[in-house]
2 protein chains.
Amino acid sequence: MYELFFKSLNEKIALTKEEEEIIKSYLTPKKLRKKQYLLQAGDVCKAIAFVEKGTLRAYSTDEKGNEHIIQFALEGWTISDLYSFITGEPAQYHIDALEDSEIVLITKSAQDEILKRVPKYETYTRMQLTGAYMAMQRRLTSIISLPVEERYIQFISIYPDIAQRVPQHMIASYMGLKPETLSRIRKKIASK
Amino acid sequence: MYELFFKSLNEKIALTKEEEEIIKSYLTPKKLRKKQYLLQAGDVCKAIAFVEKGTLRAYSTDEKGNEHIIQFALEGWTISDLYSFITGEPAQYHIDALEDSEIVLITKSAQDEILKRVPKYETYTRMQLTGAYMAMQRRLTSIISLPVEERYIQFISIYPDIAQRVPQHMIASYMGLKPETLSRIRKKIASK
DNA sequence: AAAAAGCCTTGATTTATATCAACAGATCCG
DNA sequence: CGGATCTGTTGATATAAATCAAGGCTTTTT
């Protein structure tokens, strides 16, 4: 039930069986149907979700009803509205499932308790965050400095799994483009 | 010499005098002249810089010689090529001083030693990183979802100090725009 | 099985931004 | 001090992306 989660954990910090049991006692498993919300903008994000199976996405909606995808999360990734999670302010993003999914929830209080009882866990959260930060910086850099065409090629090479499992118009949104534009860019690339 | 640095530290984790001394022993102060490089792309980023005084920026240069500004750092901020710092791979960014500046360097080995001897410090680095992550996420979100005009207004309201101290064309670059375009956008905003 | 919804593509047109070029004021530097 | 560099603005034109509209294919729902 928590296989991937502990696999990910143990890759970064080796845990004893006892430590695993402590952590396990604070986790909440949850299943989501396709399209089901994990979080709606305006609510407070009370937990970080680790994806055991399936795909989730975080996105915002503007006045015109357009969706802007902020993040995808496949197996082994975590997803949350971190700002809301940390500050307790209302979330700016919606999070929902793109397919039937299984996740592990770590609430704020669970995280605090785990940190107290398994100090090593802080190293894990720091490494997690570092990875997330670097990934986001790469994304930002590519938006600012690469022509759209190369940005798409880079995206595909870094996240082939997302490219396969997520509808194209959502990838367009993730890249800050309209679906028609991405379609034309793909055509152009294919013709080379 | 390290006033701002310890002020920032003590806001997040209260330190004893002994702990401060330990940390202090691992720090390296440095002065930079305007235009002086702290890091050049291709080199390994050996330290995180905390800005005591002045302004630095991180940027990349593309084939056409265009600069793309990734980050500014004023007093109280930190700056580095985090990816290079963590992995030891060559840096992708240049970092230099926009004015005469004073910084505090924390090398990788210094950080490791501090973490060993002052475990609390990990909480600080985690909070630092969390803040940096949230700031970057906000920036990314605004790039993807806001029209340029509102993005600029938001930038000004969040970073009035940067807007005042940094040349406009660098802010344009930070926003992924050409200087002419930003100039026109400002004109448009002013006429309202 | 049929209807509906979701998804991707293509074409025509509009809008936003980049590019090219020139200029004027400010600041830096020998 | 005076020329050079840096900076911000404006205009004309070219290019890229958004928008509007339609069609066909696939998947989901009833």
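We name chains A, B, ... by the order of the sequence lines, and we start the count at 1 in each one.
Going from atom CD of B/E67 over to atom P of D/dT7 covers 10 Å, rounded to whole Å. Per the geometry, CD belonging to A/E180 stands 12 Å off C1' belonging to D/dA22, to the nearest Å. Whole-Å rounding puts the B/I143 CD1 to D/dA17 P distance at 15 Å. Distance CD1 (A/I185) to P (C/dT9): 12 Å, rounded to an integer number of Å. To the nearest angstrom, P of C/dA16 lies 16 Å from CG of B/L182. Atom P of nucleotide C/dC7 and atom CZ of A/R165 are separated by 16 Å, given to the nearest angstrom. Separating the CD1 atom of B/I171 from the C1' atom of D/dT7 is a distance of 13 Å, rounded to the nearest angstrom. When rounded to the nearest whole Å, the span between OH of A/Y152 and C1' of D/dA17 equals 17 Å.
The side chain of A/K187 lies closest to C/dG11, out of D/dG8, C/dG11, D/dG11. Among D/dT10, C/dT10, D/dT7, the nucleotide with an atom closest to any side-chain atom of B/H169 is D/dT7. The side chain of A/V148 lies closest to D/dA17, out of D/dA17, C/dT17, D/dC6.
Along DNA chain D, the nucleotide closest to A/K34 and the one closest to B/R186 are compared, and the more 5′ of them pairs with B/R186. Where A/K178 and B/V166 meet DNA chain D, the nucleotide closest to each residue was compared, and B/V166 sits on the side nearer the 5' end. Both A/M170 and A/T181 sit near DNA chain C, but only A/M170 has its closest nucleotide nearer the 5' end.
Taking 4.0 Å as the cut-off between side-chain N and carboxylate O, A/E67 and A/R57 count as a salt-bridged pair.
Neither OP1 nor OP2 of C/dG6 sits under 4.0 Å from any side-chain N or O of A/Q168. Between A/S183 and the phosphate of C/dT9, there is a side-chain N or O to OP1/OP2 separation shorter than 4.0 Å.
Figure legend: cation-pi geometry between A/R126 and A/Y121 absent, as NZ or CZ is not positioned both under 6.0 Å from the six-membered ring centre and within 45° of its axis. The side-chain tip of A/K24 points at the ring of A/F6 from less than 6.0 angstrom away and within 45° of straight on.
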*Do A/Y59 and A/H94 pass the ring pair (Phe, Tyr, Trp, His ring centres under 6.0 Å) test, and can you show the C-alpha distance, the side-chain angles, and the key distance before you say yes or no?*
CA-CA 5 Å; A/Y59 65 102; A/H94 306 274; 5.1 Å; yes
_Walk me through whether A/Y2 and A/F50 qualify under ring pair (Phe, Tyr, Trp, His ring centres under 6.0 Å)._
CA-CA 9 Å; A/Y2 300 124; A/F50 178 94; 9.6 Å; no
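With hydrogens and angles ignored, no donor-acceptor pair under 3.5 angstrom links the side chain of B/R184 to the base of D/dG8.
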